[in-house]
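In this chain, residues are counted from 1 in sequence order.
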Amino acid sequence: MNVFDELWEFETEVAYHDFGRMGYRVVYLPEHIREKLPFAQYPRLRVDAEVNEYPLEGAFVPGQGKHYLLLSKRFLKQATLSVGDRVSVNFKIADQDAVSVPDELSLALRHNQDAQTIWESLTPGKQRGLAYRVSSARTALTRSKRVIEVISTLLEAT
């Protein structure tokens, strides 16, 4: 079976990843799995995962000699998890170029051809960053403001 088609599974604990002044809640990828994955080609390997059966789109990111999957505060609250909790993780490697564009941003791009053209010229990583800026907003009003911000940023890039 191809690594891109395989379902990977492991158990671990939610950990605190200390990063200087900042810290993240993460699950670390076990070494026996890490060595089988294409990190040389994709240092930030995007995955479609489940942590205790709660779906999560993310990436295994390198740090301090390990790879970890970031668990947001929102995700932890939804899954009722905290540091030290034992979890089961399963994942498949995702399409590395896929971008989930929020509906509001997609609509705005369709209505502004110049912004759409610039959007299409961006790398998937930059598109994901801008899409996340919109999707991470908690209220509809903030999402709308961020759509306007993203469109303005795109148009200023010309």
| Would a distance-only check, ignoring hydrogens and angles, find a side-chain to backbone donor-acceptor pair under 3.5 Å from Q64 to D18? | yes
* How about D103: does its CG atom have over 12 heavy atoms from other parts shown lying under 6.0 Å from it? -> no
Nearest heavy-atom approach of Q96 to R128 is O-NH1, 3.4 Å
Discussion item. Taking atom CD as the centre, does E57 end up with more than 12 heavy-atom neighbours from other residues, nucleotides or ligands that are less than 6.0 angstrom away?
Written reply: no
(Q) I'd like to know if L141 and V134 are part of one continuous hydrophobic network [Ile/Leu/Val/Met/Phe/Trp/Tyr, side-chain heavy atoms within less than 4.5 Å]. (A) no
For D48 and A94 the tightest heavy-atom approach is OD2-CB, 3.7 Å
K92 and E6 ion-paired at < 4.0 Å: no
- Item | Charged N-O contact under 4.0 Å between E149 and R146 | no
Rounded to the nearest 0.5 Å, the CD1 atom of I93 sits from the CG atom of L7 at a distance of 11.0 Å
Within 6.0 Å of OH in Y132, more than 12 heavy atoms from elsewhere: no
Nearest heavy-atom approach of P102 to A131 is CG-O, 3.6 Å
Could you pull out every donor-acceptor pair under 3.5 Å between side chains of residues 119-126 and any protein atom, sequence neighbours left out?
residue : atom : partner : partner atom : Å
E120    : OE2  : Q116    : NE2          : 2.7
S121    : OG   : I118    : O            : 2.6
T123    : OG1  : K126    : N            : 3.2

Task: Donor-acceptor pair between S72 and R25 side chains, under 3.5 angstrom - done: no
Is there side-chain contact between V3 and P38, with heavy atoms separated by less than 4.5 Å? yes
Inset, instruction - Please indicate whether R74 has more than 12 foreign heavy atoms, meaning atoms of other residues, nucleotides or ligands, lying under 6.0 Å from its CZ. - result: yes
Is there a side-chain contact between Y16 and Y24, using heavy atoms and a 4.5 Å cut-off? no
When L56, V26, L29, L45 are each screened for side-chain contact (heavy atoms from CB on, under 4.5 Å) with L69, the one that passes is L56
- Item | E53 CD: over 12 foreign heavy atoms closer than 6.0 Å | no
Side chains of S152 and I148: closer than 4.5 Å at any heavy-atom pair?
yes
In short, P62 meets R44 closest at the heavy-atom pair CD-CG, 4.2 Å
The ring-ring contact (aromatic ring centres under 6.0 Å, His included) partner of H67 among Y42, F60, F39 is F39
key: Distance-only donor-acceptor check, side chains R110 and S106, under 3.5 Å   = yes
- Query: Looking at the rings of Y28 and H17, which for Trp means the six-membered one, are their centres under 6.0 Å apart?
  - Reply: yes
- Is T142 reaching over with its side chain to a backbone N or O of R138, donor-acceptor style, under 3.5 angstrom? no
Between E35 and H32 the two heavy atoms that sit nearest each other are CG-O, 3.6 Å
Quiz item: Would you find a donor on one side and an acceptor on the other, under 3.5 Å apart, between the side chain of D85 and the backbone of S82?
Solution: yes
One should read off an interatomic distance between L105 CG and I151 CD1, to the nearest 0.5 angstrom, of 5.5 Å
Q.
So L37 and W8, do their side chains get closer than 4.5 Å, heavy atoms only?
A. yes
Could you check whether any side-chain N or O of N52 sits under 3.5 Å from a backbone N or O of S88, counting only pairs where one atom can act as donor and the other as acceptor? yes
